2 protein chains.
Amino acid sequence: MPARGDHDARRRDVSQAVWEVLAAHGFGGLTLRAVAAHMGASTGLLTHYFPSKKALVRHALEVAQEHTQGRDRFPAEGEGLPGLRAALLDVMPLTPEAVAMSRVWVSFWDAALGDDELAAAELRRYERWRGMLRPHVEAALRLGQLPADADPEDVVATAAGFGHGLVVQALFDPARFPPRRQAALVDGFVALLGR
Amino acid sequence: MPARGDHDARRRDVSQAVWEVLAAHGFGGLTLRAVAAHMGASTGLLTHYFPSKKALVRHALEVAQEHTQGRDRFPAEGEGLPGLRAALLDVMPLTPEAVAMSRVWVSFWDAALGDDELAAAELRRYERWRGMLRPHVEAALRLGQLPADADPEDVVATAAGFGHGLVVQALFDPARFPPRRQAALVDGFVALLGR
DNA sequence: GAAGATACATAACAAACGTTTGGTACGCGA
DNA sequence: TCGCGTACCAAACGTTTGTTATGTATCTTC
């Protein structure tokens, strides 16, 4: 077994394993031994790359965040509401990978509720997500796709709420919320906004 | 300090303590010792009333559920959409107790993601909640408050998603989502449904 | 090819966990 | 008043946790 590998790449491998254990068993099932076993290694490997479990989790979530943002997104077939539609579809658990990702973030809410630092991170994450929706809402307003008196910030918050709420429902009841229906509900919601 | 107390009442006391620890620290911070300390007792007391931690949690969630349902609800000032509005306001974290309750349920999602039995319970809970929204949606349809071609089941799922999504946002960002704004967003959403 | 840093595995550590055990204090029927 | 069952505490059990210590290959550099 080698030395001189790519240190950062290995850290990313470990984060990936953290991610997968998290998706499979939630924060309650996230132990160093579980992560190590999942990647066929020992806990010594983990401690070699991360000083503590908390540091490991923090890095894994950062990596996850980049992965979330750099995703092959649904192409927005237009400005305004179509863009909002695409942004919402981006967060839906439509594929197995997206399901895993959603599971991790929902799981993360529990950990964040009990830890101030993680709660602050979750707050920022929410702001960033609303920030991604906002341009589309503002464009829609400019294009007259929304009632002229609509408050953009309220529309953003409403859309963000609808999106995450639908994610949770789909996560717990995939039979009732298959990808096709998730997409249909998103379409219906966006149509609702546009009068 | 023994004897002939009301056994069931004591079990409810314990469940209440579980509830409070859960609201404060999430599932990750729920330990028998924490619960015992919270009620100034020993872990022996807990095991005296419950055979295992899992049984304890199960009972606590059942009690919580009854408490959720038997809540002093917002009076529905009308049939159809006003009723839907009231039902949505009922789940919003508008008061400290409602905040605690919402924290517990969000926290519960993590535990449910890693445990099949809890996941099934969460699925049922969701069905029950949609079941509470459905009559209002159907009444709204009957009263012509919704477009005649609207699918009631889709409207229910959309409203349920919006509701829970807003709960999560409000939980993590109470400054941005004070009670007044939560209510305003619910009003805006219901108005959206009614054209 | 010797020296030293790197990359792990293995094993031990104290702490915390859920659970079990043993004991004591009290209420109640006899 | 005796005896028994309930209610509970205190302590200990074995396991699992995150962390630390030690050991051993492998690579890099000279």
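Quick note on labels: first sequence line is chain A, next is B, and so on, each numbered from 1. No experiment lies behind these values; they were computed from the predicted model shown.
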query: Hey, is CD on B:Glu79 packed in by over 12 heavy atoms from elsewhere, all under 6.0 Å?
result: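 No, CD of B:Glu79 has 12 or fewer neighbouring heavy atoms, counting only those of other groups under 6.0 Å.
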How close or far is atom [atom2] of [N] from atom [atom1] of [X], stated in whole angstroms?
X: B:Phe50; N: D:dA7; atom1: CZ; atom2: P; result: 13 Å
X: A:Lys53; N: D:dG18; atom1: NZ; atom2: P; result: 4 Å
X: A:Leu46; N: D:dG18; atom1: CG; atom2: P; result: 10 Å
X: B:Asp8; N: D:dA7; atom1: CG; atom2: P; result: 11 Å
X: A:Arg33; N: D:dT15; atom1: CZ; atom2: C1'; result: 11 Å
X: B:Met39; N: D:dA7; atom1: CE; atom2: P; result: 13 Å
X: B:Leu45; N: D:dT6; atom1: CG; atom2: C1'; result: 12 Å
X: B:Arg11; N: D:dA7; atom1: CZ; atom2: P; result: 12 Å

For [X], which contact category applies under a 4.0 Å heavy-atom criterion: base, sugar-phosphate, or nothing?
X: B:Leu30; value: sugar-phosphate
X: B:Thr31; value: sugar-phosphate
X: A:Leu32; value: base
X: B:Ser52; value: sugar-phosphate
X: B:Arg10; value: sugar-phosphate

- prompt: Any chance the rings of B:Phe162 and A:Phe162 have centres within less than 6.0 Å?
  reply: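 Not under 6.0 Å, so no.
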field: Within the 6.0 Å centroid threshold, strictly below: A:Tyr126 and A:His164
entry: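 Ring-ring flag for A:Tyr126/A:His164: true, centres closer than 6.0 Å.
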message: Here's a test of your reading of the structure: between A:Tyr49 and A:Thr43, which maps to the more 5' nucleotide of DNA chain C?
response: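 Taking each residue's closest nucleotide, the earlier one in sequence belongs to A:Tyr49.
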- prompt: Is the shortest distance from a Lys or Arg side-chain nitrogen in B:Asp90 or B:Arg85 to a carboxylate oxygen in the other one below 4.0 Å?
  reply: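 Salt bridge absent between B:Asp90 and B:Arg85.
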- prompt: Does A:His48 place a side-chain N or O at less than 4.0 Å from the phosphate oxygens OP1/OP2 of C:dA7?
  reply: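 Looking at the OP1 and OP2 atoms of C:dA7, one of them is under 4.0 Å from a side-chain N or O of A:His48.
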- prompt: Relative to A:Trp105, does A:Arg125 satisfy both conditions: NZ or CZ under 6.0 angstrom from the six-membered ring centre, and within 45 degrees of the ring's axis?
  reply: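 Yes, A:Arg125 and A:Trp105 form such a contact.
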